[in-house]
Structure formats: C-alpha cells, structure tokens
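For reference, the structure discussed in these notes is given below.
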Number of protein chains: 2
Amino acid sequence: MKKIKIMKNVLQANDEIAQNAREYFSKNGVFVINVMSSPGSGKTTIIKRTVVELKKLNIRPALIEGDIETQLDAAQFTKFNIPIVSINTGPFGGDCHLEAGWVKQASDDMDLDKIDILFIENIGNLVCPAEFDTGAHINVVILSTPEGEDKPLKYPLMFTSSQVNIINKCDLTEILEIDLETMKKNALKINPKIKIIEMSAKTGDGFDKWINYLKKKLKK
Amino acid sequence: MKKIKIMKNVLQANDEIAQNAREYFSKNGVFVINVMSSPGSGKTTIIKRTVVELKKLNIRPALIEGDIETQLDAAQFTKFNIPIVSINTGPFGGDCHLEAGWVKQASDDMDLDKIDILFIENIGNLVCPAEFDTGAHINVVILSTPEGEDKPLKYPLMFTSSQVNIINKCDLTEILEIDLETMKKNALKINPKIKIIEMSAKTGDGFDKWINYLKKKLKK
C-alpha cells in the first residue's frame, strides 16, 4: 500500500506542474501535442512527415524528443531545421515516461515566439506515459495494425487519456489479416469521444485528415 | 533525487523476494521463464504454440498470465487444460510490470509437483518489466520485425537483462523491408551473450530451435 501512496504524491505534484506548463504554453501561443505509443508504432515517422507538411503551410513546428537512451530519433530531425530538445531519461534512472517538469525545462531552451506547434515524442511505452500529464493540450496515441485489435481493451488508460487515436500501418491490414473495424470498435468502447484517424505514414494515405485536424486545432 | 531513492528501495525489496522465489522454484523442480515484450509482439501466440509442443513431449507446462486489465489472454489457454493463474495489475494501480511477490503468490495456487516449466507472461511493455526480477530462471525478450531494427539500442535494459531474444514475425521481413542482420547486430551490441532465435509464431518457422533450447534447459 505504501508504494501506491508514494506514486499518488508523485502524480499529484506532476499534475500541478503540468497545469502551469499548459497555461504558460497557451499564453505564448504554442499548441502542444503529446504523442504516445509502443516502440515501433511510427511516432518518429509520423512526426517527421507532419513537420514537412506543416512547414509547407507556414506553420512553425518544434519538437521535444524523449528517449531512454540514444539520440537516434532526434538526429533524424536535424535536416528539417526546427527547434529540437532531446530528453534522455537514462540519467534519471531510465524512466519509462516523460514528466511535465522535464518538458517545461526543455521548452526553456526554445524561443517560443518562433513556434506555433510543439510536438512531444514520448518514450515508446503503451502503459506509463498515460499516467503522467506532460502539460500538452492534447494527447495522441498511435496504435499500429501489427499490434493487434485487442490493445485498447488491454491498455485502457492510454485510450481514455488520449483525444486522438491514430491507427498507423493501415497498408498492412490485409497482409496481417487485421480486422480494422474491431480495432476501432475497441478504441471507441474504451473512449467513445476519441477521434480515430486511419493512416499509413509510409504511403501517406490518410495523412490529409491528420493535417486538417491540426489546422483546425491551431485556429481555435 | 528523492524519487530515485524510493525506487531503489522498492527494487531492492523485490530482488530479495525474487531470489527466494527462484530458490523455491528450483527446489520444487520447476523451471521458470519470464516472457517480456511490447504489446502485440507475439507473447501469447508463442506461449500457446510452446504449450502444445511441450505437451507432445510429455513436458508439463503452466502459466502465470499478467495483464493490466482483462483476462483475454488467459482465456485463450483454458482449452489446453494446464494450470493458469491470471494476475491483473489494475487493482494495484495499473502497474506496468510484474513483481516477484505477486508471481510467488500466484504460484501458491498451483500444484508445483505437476509442473515442469512455468511461463510468466509479463505486462506488454519494453521498459519497466526489465527492472523487476520476477524470480524466473531465465528472461526472454520477444522483438517482432515490425518494431524496427533500432529497438535494442533504444531499450537496452530489456536486452541486457534477458538471456534469450526471440525475433518474431520473421515471415514479414521482406514486406516490411526490415534488415534482420542489423536487428540482430544491435541486440548483440547491447548484450553479446544473448541467444537469438528467429521465428514466425504464425507459420511455425524456427520454432524447433526454441523447443530444443527449452529441452536442453530442462535437462540441466
């Protein structure tokens, strides 16, 4: 029981920092999106493609890149010439999620006047990141078709804490014999309000819907 | 800093319980295998097929099935008529890993005299389960080809704490344009001693190597 109590205190402290960070980002005109998924679901590929599309529309993106070890993901973004801060949680004990305090601290190294939209690429993990508010305005969970239809039922907190569910690698649906309708039904069963966007970050199919969603969010 | 200190105490307590559990299992002639991976890498499918193959050899398997929510995975095993205990971590705060105390407690509901090999299907998570010794004799990490070649580098603790790395869904290697050699090199870079077994749990390719490995381990 003691362990759970300690956990609650950590979560409570994080929630307060997150709320303050969110207000700070709003005041500075920066819309913040926390992107979560299992390892290999396509976070980096989707954010890369999103950055390219947003730049075409003169929307200025930035990125906070979370990884336990390595800067492999962050390195993929250098060619885009956007503000990037990399957080390696390794030195903090290999933490399995990002916390609001680290996100806020990372953003202190960025000139917010030059940013319209800030992506947070969370640690690849379908469990723990859902428990920690990062200070983002919306949470996006990516589920890729190879992971299977049942995952929303088995990892419900990730789906109740997200506003958007991107279903990625839809180009593999037939080969993998995945029932996309069941996958969507399961996500909606856990969170009836979640917005589902089907796409293939590889082929670009469905990407227009995601960009339109972001454009609408930025107008508000 | 305080948080990390607390974490160390929790880990230390778990390590002691795990060591005692491991000795208890050895004394009772039960070989225990902790199976870890991301959600959807194929843990359940591989264990199901393994159970079928072991029963053919008159080796008596049992299963402790970890899930945050649902008993969907455990339900798939009822037809095999083997001892199964399901642990849902939801009531413990949705924990993202299994701990040795819970494993030991679950095994108390089993008749160990009738078990040769006990599988622990850990929570689907490539991060946290690696930190918690379950009391198993060996740890197996499953990495499936759709997750990408770089994952051992990005989630190193999972690979240093495992003795076996099953690379699953090898039937998809060509379609996904995955470089299997790089994936294996990355696993060996993190842990030069790790035994790599390539397979497709769907087609059964490579499964004989896995069964042979288990047979050898049981003879010791």
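Numbered from 1 within each chain, the chains take letters A, B, ... in sequence-line order. Keep in mind that the numbers below use all heavy atoms, side chains included, and drop hydrogens, waters and symmetry copies.
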Checklist entry - Does a sphere of radius 6.0 Å around CD in B:Q105 hold more than 12 heavy atoms from other residues, nucleotides or ligands, not counting ones at 6.0 Å or beyond? => result no

Checklist entry - Would a distance-only check, ignoring hydrogens and angles, find a side-chain to backbone donor-acceptor pair under 3.5 Å from A:Y155 to B:G124? => result yes

Checklist entry - Rounded to the nearest 0.5 Å, what separation is found between the CG atom of A:L172 and the CG atom of B:L172? => result 7.5 Å

Checklist outcome for this item: Taken to the nearest 0.5 Å, the spacing of A:I175 CD1 from B:L176 CG works out to 7.5 Å

Checklist entry - If you measure from CG on A:D67 to NZ on B:K154, what distance do you get to the nearest 0.5 Å? => result 4.5 Å

Next on the checklist: Taking salt bridge (Lys or Arg N to Asp or Glu O under 4.0 Å) as the cut-off, I'd like each qualifying pair that reaches into residues 45-55 of chain B, sequence neighbours left out, listed once.
Outcome noted: B:E53-B:K56

Checklist entry - Contact part of A:L157 toward chain B, heavy-atom cut-off under 4.5 Å: side chain, backbone, both or neither? => result neither

Checklist entry - Quick one: what part of A:E177 sits under 4.5 Å from any heavy atom of chain B, side chain, backbone, both or neither? => result side chain

Checklist entry - With chain B, which of A:S38, A:S41, A:P39 has the greatest number of heavy-atom pairs at distances under 4.5 Å? => result A:P39

Next on the checklist: Test: salt bridge (Lys or Arg N to Asp or Glu O under 4.0 Å). Region: residues 182-193 of chain B. Which pairs qualify, not counting sequence neighbours?
Outcome noted: B:E181-B:K184, B:K184-B:E198

Checklist entry - Between A:D73 and chain B, which part of the residue has a heavy atom less than 4.5 Å away: side chain, backbone, both or neither? => result side chain

Next on the checklist: Would you say that more than 12 heavy atoms from the other residues, nucleotides or ligands in this model lie under 6.0 Å from the CG of A:N81, or not?
Outcome noted: no

Item to check | Flag side-chain contact, heavy atom, 4.5 Å: A:N125 against B:C128 | outcome: yes

Next on the checklist: Measuring from atom CG of A:D150 to atom OG1 of B:T44, what distance do you get when rounded to the nearest 0.5 angstrom?
Outcome noted: 8.0 Å

Item to check | Main-chain N/O of B:P146 paired with A:K169 side-chain donor or acceptor, under 3.5 Å | outcome: yes

